[in-house]
Amino acid sequence: MSASFHVRSCSLPARIHSSGLTHIQQLLKKLPTDNNNNSLSLLSQLYDSVSHLFNESPSSLLLPHHSFFTHLLDLSLVHLDLCSKLRDITCRIKDCLRDLRSAFRRRRHGGDSTIRRHVISFNRSRKAVHKDLAKLLLLLKQADHSYSGPTHQLITLLRQVCSQTCLSFRTVLLSLSSTSVPKPTPSKWALVTKLVIKNVTKTGARVEAGHRNNEYQLMDEELQRFCMAKEIKKERIKSLITSLDNVDIVVEDLEETLESLYRRMIQARVSLLNIVSLHI
C-alpha cells in the first residue's frame with residue numbers, strides 16, 4: 001500500500017523583517033543625541049543593520065522600491081566619497097601632528113628659530129585642511145537627497161539613514177574646523193563654511209563637539225600663544241606638546257572609526273546592488 005505525503009516548502013516570510021526595521025529605528029533614535037565619536041560608531045552599526053535587512057528580506061518585496069534604491073545608489077557614492085576624503089584628511093592631520101611633535105623632541109639640535117619654522121609650517125597645513133573641509137561641506141550641501149516617489153516605511157527609514165549620515169559627516173567636518181585657527185583670505189569656500197555652520201546652529205543640529213572640538217581648539221590656542229611669544233619657555237613647550245599628544249589620540253581614533261564606517265557602507269552598497277541587479 002503506497003503512502004502519499006504532502007510536502008510543504010519552506011521559504012522566507014513574505015514581508016520585510018519587522019525586527020530589522022525596529023532595530024534601525026532604535027539606532028536612529030540614539031544617533032542625534034550622542035556625542036561625535038559615538039555617533040560615527042552608531043552609524044556603522046546602522047549600516048550593518050541595513051545590510052542585514054537587505055540580505056534577509058524577500059526580494060519580491062524589495063523590488064517594487066527599485067526606483068528609490070537606484071536613487072539610493074547614487075547617494076551612497078556621494079557618502080562613500082565623503083567618508084574616503086575625510087579619512088585622507090585625518091591622515092594628513094595625523095602626519096602633520098607627528099612631524100611637529102618630532103620637531104619639538106629635536107629642539108636641542110635646532111634651536112628656537114627651527115621650532116618656529118615648524119610651527120608656521122604646521123599652521124599653513126592647517127589652513128590647507130580648512131580649505132579642503134570647506135569643499136567637502138559644499139559637496140555635502142550640493143548632494144541631492146530629495147525623493148518624490150511613493151512612500152513606504154522602509155523608504156522613510158532609509159531616507160532617515162541618509163539624513164543622519166549627512167548630519168554625522170557635517171558634524172565631523174565642523175569639529176575639525178576649529179574656530180580659533182587663523183583663517184585664510186575670505187573666499188567662496190570660507191563663505192560656504194560660515195553658512196553651513198550657521199545653518200547647523202539654527203536647525204538645532206548641535207552635536208556635542210565635546211572632547212574632539214575642545215582638543216582642537218585648545219591646540220590652536222596653544223599654537224597661537226606660541227607664535228606670539230617673544231621667548232620660548234619650557235613650560236609653554238610642555239603645554240603645547242601635551243595638547244598635540246591629545247589631538248593625536250583623537251585623530252587616530254577618528255581615523256579608525258571612519259575606516260570601520262567605510263567598510264560597512266561598502267557592504268550596504270553591495271547588498272543594495274544585489275537588489276537592483278534583480279530588476280535588470
Side-chain angles (χ1 to χ4, degrees), residues 27 31 34-51 72-101 122 124-143 145 161-178 181 189 192-193 196-197 200 207-217 219-220 244-273:
L27 287 172
L31 274 160
D34 216 316
N35 65 37
N36 202 2
N37 194 44
N38 284 343
S39 177
L40 290 178
S41 298
L42 286 170
L43 194 61
S44 295
Q45 296 179 38
L46 190 58
Y47 273 94
D48 207 24
S49 298
V50 169
S51 295
L72 202 58
L73 277 175
D74 294 336
L75 275 181
S76 69
L77 278 179
V78 176
H79 295 160
L80 281 169
D81 185 44
L82 281 165
C83 190
S84 176
K85 288 177 178 176
L86 262 175
R87 285 187 310 163
D88 292 342
I89 286 177
T90 56
C91 185
R92 283 167 51 196
I93 294 174
K94 186 173 69 174
D95 290 342
C96 291
L97 280 169
R98 292 182 178 178
D99 287 344
L100 186 56
R101 290 163 67 202
F122 180 82
R124 192 180 298 118
S125 69
R126 288 281 285 151
K127 290 180 182 180
V129 165
H130 266 258
K131 186 175 180 180
D132 290 339
L133 291 172
K135 289 179 181 178
L136 291 185
L137 283 166
L138 180 63
L139 178 63
L140 189 61
K141 187 179 180 182
Q142 290 177 336
H145 292 86
V161 171
C162 289
S163 297
Q164 187 58 53
T165 301
C166 291
L167 177 59
S168 296
F169 282 154
R170 183 182 291 118
T171 301
V172 174
L173 288 167
L174 295 178
S175 69
L176 288 172
S177 302
S178 168
V181 156
W189 304 123
V192 168
T193 305
V196 175
I197 292 173
V200 169
V207 178
E208 189 182 337
H211 181 64
R212 175 173 295 132
N213 196 35
N214 187 45
E215 294 298 345
Y216 277 110
Q217 190 166 352
M219 178 191 70
D220 289 329
L244 292 173
D245 289 342
N246 291 337
V247 173
D248 185 66
I249 293 171
V250 172
V251 171
E252 187 160 4
D253 184 42
L254 175 59
E255 186 180 29
E256 292 175 359
T257 307
L258 286 169
E259 179 63 37
S260 175
L261 174 60
Y262 187 81
R263 289 196 301 269
R264 284 164 174 76
M265 290 174 71
I266 287 287
Q267 291 171 356
R269 178 173 169 80
V270 169
S271 300
L272 186 57
L273 279 169

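Heavy-atom basis, side chains included; hydrogens, waters and symmetry copies ignored.
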Might you work through the side chain to side chain contact (heavy atoms under 4.5 Å, CB included) test for L261 and F169, ending with a clear yes or no?
CA-CA 11 Å; L261 174 60; F169 282 154; 3.8 Å; yes
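- Every side chain to side chain contact (heavy atoms under 4.5 Å, CB included) that R124 has, sequence neighbours left out, goes to I120, S121.
- Between R87 and E259, at least one side-chain N (NZ, or NE/NH1/NH2) sits under 4.0 Å from a carboxylate O, which counts as a salt bridge.
- For the pair L176 and Y216, the tightest heavy-atom approach, listed with the atom from each and the gap, is CD2-OH, 3.0 Å.
- Taking CZ of R170 as the start and CG of L136 as the end, the distance is 12.5 Å to the nearest 0.5 Å.
- Residues passing the side chain to side chain contact (heavy atoms under 4.5 Å, CB included) test with L273 are L73, R269, sequence neighbours excluded.
- Under the side chain to side chain contact (heavy atoms under 4.5 Å, CB included) criterion, C96 pairs with F122, S125, not counting sequence neighbours.
- In this structure, the side chains of T90 and V172 stay at 4.5 Å or more apart for every pair of heavy atoms.
- Taking 4.5 Å as the limit, some side-chain heavy atom of R126 sits within range of a side-chain heavy atom of D220.
- A heavy-atom distance below 4.5 Å is found between the side chains of L97 and I93.
- Annotation: the span from S51 atom OG to M265 atom CE amounts to 10.5 Å, rounded to 0.5 Å.
- L27 places none of its side-chain heavy atoms less than 4.5 Å from the side chain of Y47.
- Here the NZ-CG distance, from K85 to L173, works out to 11.5 Å after rounding to the nearest 0.5 Å.
- With S44 contributing its side chain and L40 its backbone, the two residues share a donor-acceptor pair below 3.5 Å.
- Taking 4.0 Å as the cut-off between side-chain N and carboxylate O, R92 and D88 do not count as a salt-bridged pair.
- Note that CG of L46 is 12.5 Å distant from OG of S41, once rounded to the nearest 0.5 Å.
- E255 has its side chain within reach of C91: a pair of non-hydrogen atoms, C-beta onward, lies under 4.5 Å apart.
- Interatomic distance, CG of L133 versus CG of L140, reported as 12.0 Å (0.5 Å rounding).
- The side-chain heavy atoms of Q164 and L43, taken from C-beta on, include a pair separated by under 4.5 Å.
- Of the inter-residue distances, the one linking L75 atom CG with L80 atom CG reads 11.0 Å to the nearest 0.5 angstrom.
- The two residues L258 and C83 come nearest to each other via the heavy atoms O-SG, 3.6 Å.
- A heavy-atom distance below 4.5 Å is found between the side chains of L139 and L82.
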